[in-house]
Amino acid sequence: MQLKKQLFFTVVIILMLLMSAFAHFRNSRRLVEKVTVNYESQGPRFLNDSLVDKLLILNKGELPWKAKDSLVLSMLETLLENNSYIDNAEVFHFQQGILGVKIQEKSAVVRIQGSDQYYLDNAGNRFPISKNHTPKVPLYIGTLKEEQKKDLLSMIEQIDKDPFLRNELASIHYRSNSYFIGLRSYGFEVEIGQVQRVGEKLSKLKVFCAYHDNHTLEREYTLINLKFKNQVVGS
């Protein structure tokens, strides 16, 4: 009796393994007939599904593609990440002949408006202007030198931490060895100077804006200078 039970369970296990192997083999031979694209964060902005499809079709040809197990997923991910607007891509298999693609687009923090026009992300990577999407980011007006990039991004990071300043920041200039910023709701320009003590300078700017909003000033200022420690100089 014990021998019969052992034989029965052995046969059941063998059948299950054979069925699993057969299912895996059949699935591995199935053609990829459809690609589904998902976007992280806020959904597609610079890209859309048809653009992603074109990227893949240019490399792999028209659907259906060859058996799934012969697709090198890492190669497809690299192909997508070579696109100027894609920060990260993941490609994986679904059942029923479907290939899944998850995309994280680059996020612009500033638009460079000089002889060349492009965006920078928070890591300092540049990518081109898009006809599909215009993000609400400050303009850096002029040519950005490579050695200025770190200071510019550091200042924008500090401003971005404060909701009021983040919404107000419209433009950034660099001239006469000093950074200047323009605000959306105020007619004066703000001279920051260099990025040293930028947190302190931005705090002074918020205090001045609050005072400006709640008091009648004796004169209209065109420039607010924050370079000097513990002072706000208007002219």
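As the structure is a prediction and not an experimental result, all values here were calculated from the model. Just so you know, residue 1 is the first one in the sequence shown, and it goes up from there.
Judged by the 6.0 Å and 45° rule, Arg175 forms a cation-pi pair with Phe180.
No side-chain donor-acceptor contact under 3.5 Å links Thr134 to the backbone of Ser130. The closest donor-acceptor contact from the side chain of Glu105 to the backbone of Leu47 lies under 3.5 Å. Side chain of Asn167 to backbone of Pro163: a donor-acceptor contact under 3.5 angstrom is found. Side chain of Asn132 to main chain of Phe46: a donor-acceptor pair is present (N/O by atom type, distance under 3.5 Å, no hydrogens or angles). At least one donor-acceptor pair under 3.5 Å links the side chain of Lys201 to the backbone N or O of Gln196.
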Q. Stepwise, does the side-chain contact (heavy atoms from CB on, under 4.5 Å) test hold for Met155 with Ile172?
A. CA-CA 10 Å; Met155 183 169 62; Ile172 304 172; 3.9 Å; yes
(Q) What verdict does the side-chain contact (heavy atoms from CB on, under 4.5 Å) test give for Asn38 and Val101, after you've listed the backbone C-alpha separation in whole Å, the side-chain angles of each residue and the deciding distance to 0.1 Å? (A) CA-CA 6 Å; Asn38 292 298; Val101 178; over 6 Å; no
Q: For the pair Cys209 and Leu205, evaluate side-chain contact (heavy atoms from CB on, under 4.5 Å) and give the outcome as yes or no after the intermediate values.
A: CA-CA 6 Å; Cys209 288; Leu205 175 60; 3.9 Å; yes
Q: Verify side-chain contact (heavy atoms from CB on, under 4.5 Å) between Leu152 and Tyr174, making sure each step is shown before the conclusion.
A: CA-CA 10 Å; Leu152 174 64; Tyr174 186 82; over 6 Å; no
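Here the CG atom belonging to Leu169 is positioned 7.5 Å from the CG atom belonging to Leu183, to the nearest 0.5 angstrom. Atom OG of residue Ser154 and atom CD1 of residue Ile159 lie 10.0 Å apart, to the nearest 0.5 angstrom. With rounding to the nearest 0.5 Å, the separation of CZ in Arg166 from NZ in Lys161 is 12.0 Å. To the nearest 0.5 angstrom, Ile224 atom CD1 is 3.5 Å from Phe208 atom CZ. Rounded to the nearest 0.5 angstrom, Lys227 NZ and Glu191 CD are separated by 4.0 Å. Here the straight-line distance linking atom CG of Asp121 with atom CG of Asn125 works out to 4.0 Å at 0.5 Å rounding.
Judged by distance alone, the side chains of Gln194 and Ser178 never bring a donor and an acceptor atom under 3.5 Å apart.
With sequence neighbours left out, Lys150 forms a side-chain hydrogen bond (donor to acceptor under 3.5 Å, both in side chains) with no residue at all. In this structure Asp49 satisfies the side-chain hydrogen bond (donor to acceptor under 3.5 Å, both in side chains) test together with Tyr39, sequence neighbours excluded. Every ring-ring contact (aromatic ring centres under 6.0 Å, His included) that His212 has, sequence neighbours left out, goes to Tyr186, Phe188.
Considering every non-hydrogen atom in both Lys204 and Asn230, the closest pair reads NZ-N, 3.8 Å. Contact record, Ser171 with His173: OG-NE2, 3.9 Å, taken as the closest heavy-atom pair.
Here the side chains of Leu202 and Ile192 are in contact, with some heavy-atom distance below 4.5 Å. Looking at heavy atoms from C-beta onward, Leu153 lies out of side-chain contact with Asn122 at the 4.5 angstrom threshold.
Contact check on Arg184 versus Glu168 returns no salt bridge, with no Lys/Arg side-chain nitrogen under 4.0 Å from an Asp/Glu carboxylate oxygen. Under the 4.0 Å criterion applied to side-chain N and carboxylate O atoms, Glu40 and Arg45 are not assigned as salt-bridge partners.
For the ring-ring contact (aromatic ring centres under 6.0 Å, His included) condition, the pairs that include at least one residue of residues 214-235, sequence neighbours left out, are Tyr211-His215.
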Only distances under 3.5 Å count here; give the side-chain donor-acceptor pairs of residues 74-86 to other protein atoms, sequence neighbours excluded, each with its distance to 0.1 Å.
from	atom 1	to	atom 2	distance (Å)
Glu77	OE2	Val91	N	2.9
Thr78	OG1	Ser74	O	3.0
Glu81	OE2	Ala89	N	3.0
Asn82	ND2	Thr78	O	3.3
Asn83	OD1	Tyr85	N	2.9
Tyr85	OH	Pro128	O	3.2
Tyr85	OH	Ile129	O	3.0

Tabulate below the donor-acceptor pairs under 3.5 Å that side-chain atoms of residues 135-149 make, not counting sequence neighbours, or state none.
from	atom 1	to	atom 2	distance (Å)
Glu146	OE2	Lys149	NZ	3.3
Gln148	OE1	Lys145	N	3.0
Lys149	NZ	Gly124	O	3.1

